[in-house]
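Residue numbers count from 1 along this sequence.
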Amino acid sequence: FLVYRSIQFINSVRSPIHLCGSCTNGGWERVIPAFRSVCGEDGVSLGEAVREQHGRDESVHRCCPPDVVVWPRSVEEVSALAKICHHHHLPIIPFGTGTGLEGGVGALKGGVCFSLRNMDRVLDLHQEDFDVSVEPGVTRKGLNSYLRDTGLWFPVDPGADASLCGMAATSASGTNAVRYGTMRENVLNLEVVLADGSIIHTAGRGRRPRKTSAGYNLTNLFVGSEGTLGVITKTTLRLYGVPEAMVSAVCTFPSVQAAVDSTVQVLQTGVPIARIEFLDDVMIDACNSFNSLSYPVAPTLFLEFHGTEKSLEEQVTVTEEITQANGGSDFSWARDAETRGRLWKARHDAWYAALALRPGCKAYSTDVCVPLSRLPQIIVETKEDLMLNGLTGPIAGHVGDGNFHCIMVMDPNDQDEVIRVHEFTERLARRALALDGTCTGEHGVGLGKRALLREEMGPLAIEVMQGLKATLDPKNLMNPGKVLSSELTAANLDVITMEQ
């Protein structure tokens, strides 16, 4: 059992080609020409390197390549390709930029990867209404570059330059969520191709109201569905005005409790803080070494304020008073863009800083989210757990909404350490559930947290989800094996045999 539950952390074994359903016994000879008739010769690939590139994301889950990769150029082509897959019972795995962290793009049962990078148009920008529609090849940074001269921006920032439709599919979040919300709050409408090739618009074709009470909330059904219900081919997003001014700060604290108490009090006073990030002493030490910085090695908050020059003065004054009352010290304020960039570079480089603690090792980032009042308890217990089990896991988190990450640095060739890391992440997730939290605040379920989702939601809620899945995808073709499934697939069994 431990080997089965731990092999998801090992990414060194190559997968064989899978032959699925009716495509065994020469079925691919009929299907490949059909794919090429839809998206051209250059829009279909059977190459091993290309398939392996599309069989992994940024997680440590092993590579599970699809049988074929296709590159549609429009929603009509996505629909036509889906109809072919539906007819031949072929799994469909949507692929954006591959920046996920829970193995969501692995082709556990083989099938067809729909790589959506060629659908890269910004379709409709309504500056006066603060919204925009984009295709799945448009990334977060790409959109903000497009918006540069409009006075608008899209603030959801998961760190990676992810596809915006992929961010909707995983309900991504990030450092700005405390003020601007997650993808779930910022998606107004979705265009989705279902497993049988049907095209739906979750809020109605072309509709983009700021709010609605019309019918079931289909938009949020697909936000966070991780490709298991359909292929998102267009998303309509809320935009925001670029702040007149920004101020950032770093402040150290004598304890985790003091840092979190400051966070709660800042939020209670109504300060519209844009970012408030927590780094523990281990992470700060790693960031100091990696970036040649000299921050005190102690629990630390990184803060950022957005607004007018006048409003920022008040925000900064109130926040400084609160943090000092909680023992905060070593304040470092930054107003100009260059200094703010250097300050936040330490936070954005946390992944690489953690890896540098153990050169040659791999990193696995897990996340949980709890009510703010429970954050000190879970962080203290987590740090004790790490020390007791001799594990390297610096902590960084979006403390403003109770979400934090442990970046586990480990030797993938040390089977004992791999198992200890897996057991730790299971304990961490269950610790969060015991404190009325969730097993994942923003990474999603994917492969690694399917059993935990069942514990979190309960059997009846899972049955409802399975019923929705069966209605929209009765043949179980959309990204099978993810989120709801806990079955041992043929690919999983192959891994177990090889890893043992």
Side-chain angles (χ1 to χ4, degrees), residues 159 175 247-266 273 275-304 316 319-320 322-334 339-368 372 375-400 402-411 417 421 424 428:
T175 59
V247 174
S248 298
V250 176
C251 182
T252 60
F253 292 86
S255 67
V256 174
Q257 184 73 56
V260 176
D261 285 348
S262 294
T263 300
V264 173
Q265 292 166 23
V266 167
I273 196 162
R275 300 181 184 181
I276 184 162
E277 297 286 296
F278 171 82
L279 278 69
D280 76 345
D281 55 334
V282 179
M283 182 61 83
I284 281 291
D285 194 30
C287 289
N288 281 344
S289 298
F290 186 76
N291 290 296
S292 299
L293 300 172
S294 56
Y295 293 125
V297 179
T300 301
L301 289 183
F302 283 60
L303 309 100
E304 186 164 279
V316 168
T319 301
E320 190 165 9
I322 290 172
T323 53
Q324 288 177 346
N326 285 288
S329 60
D330 299 297
F331 262 87
S332 175
W333 294 99
T339 306
R340 285 191 293 105
R342 287 199 303 269
L343 185 154
W344 280 100
K345 189 176 188 300
R347 172 62 182 92
H348 287 309
D349 286 348
W351 174 270
Y352 304 103
L355 273 174
L357 290 172
R358 296 179 62 186
C361 288
K362 299 284 187 180
Y364 168 67
S365 179
T366 187
D367 84 305
V368 296
L372 272 178
L375 201 57
Q377 178 183 345
I378 192 172
I379 290 179
V380 169
E381 291 178 358
T382 298
K383 289 178 70 64
E384 291 174 351
D385 194 341
L386 289 165
M387 294 179 63
L388 182 64
N389 288 280
L391 297 172
T392 303
I395 293 174
H398 315 311
V399 68
N403 182 206
F404 75 93
H405 310 269
C406 275
I407 302 179
M408 306 304 300
V409 186
M410 63 183 179
D411 180 357
E417 185 178 18
V421 167
F424 163 80
L428 173 59

With a 4.5 Å heavy-atom cut-off, do [X] and [Y] have their side chains touching?
{"X": "L343", "Y": "F302", "result": "yes"}
{"X": "D411", "Y": "R358", "result": "yes"}
{"X": "M408", "Y": "K362", "result": "no"}
{"X": "S262", "Y": "F253", "result": "yes"}
{"X": "M283", "Y": "T300", "result": "no"}
{"X": "I379", "Y": "F278", "result": "yes"}

Exercise. Are F404 and L375 close enough, and set up right, to give a side-chain contact (heavy atoms from CB on, under 4.5 Å), and what steps lead you there?
Worked result: CA-CA 9 Å; F404 75 93; L375 201 57; 3.8 Å; yes
Between atom [atom1] of [X] and atom [atom2] of [Y], what is the distance when rounded to the nearest 0.5 Å?
{"X": "L386", "Y": "C406", "atom1": "CG", "atom2": "SG", "result": "5.0 Å"}
{"X": "W344", "Y": "S248", "atom1": "CH2", "atom2": "OG", "result": "6.0 Å"}
{"X": "I322", "Y": "T263", "atom1": "CD1", "atom2": "OG1", "result": "10.0 Å"}
{"X": "Q265", "Y": "T319", "atom1": "CD", "atom2": "OG1", "result": "11.0 Å"}
{"X": "D281", "Y": "T252", "atom1": "CG", "atom2": "OG1", "result": "11.5 Å"}
{"X": "R275", "Y": "H398", "atom1": "CZ", "atom2": "NE2", "result": "10.5 Å"}

Exercise. Taking the six-membered ring for Trp, are Y352 and F290 parallel (under 30°), tilted (30 to 60°) or perpendicular (over 60°)?
Worked result: parallel
Exercise. Do the rings of F331 and W333 sit parallel, tilted or perpendicular, given the 30° and 60° boundaries?
Worked result: parallel
For this session: Please report the C-alpha distance between F424 and T382 in whole Å, then the side-chain angles of each, then the deciding distance to 0.1 Å, and finally whether the side-chain contact (heavy atoms from CB on, under 4.5 Å) criterion is met.
Result: CA-CA 9 Å; F424 163 80; T382 298; 3.6 Å; yes
Problem set entry | V282/K383 under side-chain contact (heavy atoms from CB on, under 4.5 Å): CA gap, chis, key distance, verdict | CA-CA 10 Å; V282 179; K383 289 178 70 64; 4.0 Å; yes
For this session: Say whether Q257 and D261, considering side chains only, have a donor N or O and an acceptor N or O under 3.5 Å apart.
Result: yes
Measure across [X] and [Y] and return the closest heavy-atom pair with its distance rounded to 0.1 Å.
{"X": "P296", "Y": "D330", "value": "CG-OD2, 3.5 Å"}
{"X": "S294", "Y": "N288", "value": "N-OD1, 3.6 Å"}
{"X": "A354", "Y": "P394", "value": "CB-CG, 3.8 Å"}
{"X": "L428", "Y": "T366", "value": "CD2-CG2, 3.7 Å"}
{"X": "V399", "Y": "L372", "value": "O-CD2, 2.9 Å"}
{"X": "P299", "Y": "V256", "value": "CG-N, 3.9 Å"}

Problem set entry | Full working for side-chain contact (heavy atoms from CB on, under 4.5 Å) between T175 and E304 | CA-CA 10 Å; T175 59; E304 186 164 279; over 6 Å; no
Problem set entry | Side-chain donor or acceptor of D280 paired with backbone N/O of A396 under 3.5 Å |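 Judged by distance alone, no pair lies under 3.5 Å.
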Exercise. How would you list, by chain and number, every residue that makes a ring pair (Phe, Tyr, Trp, His ring centres under 6.0 Å) with W351, sequence neighbours excluded?
Worked result: none
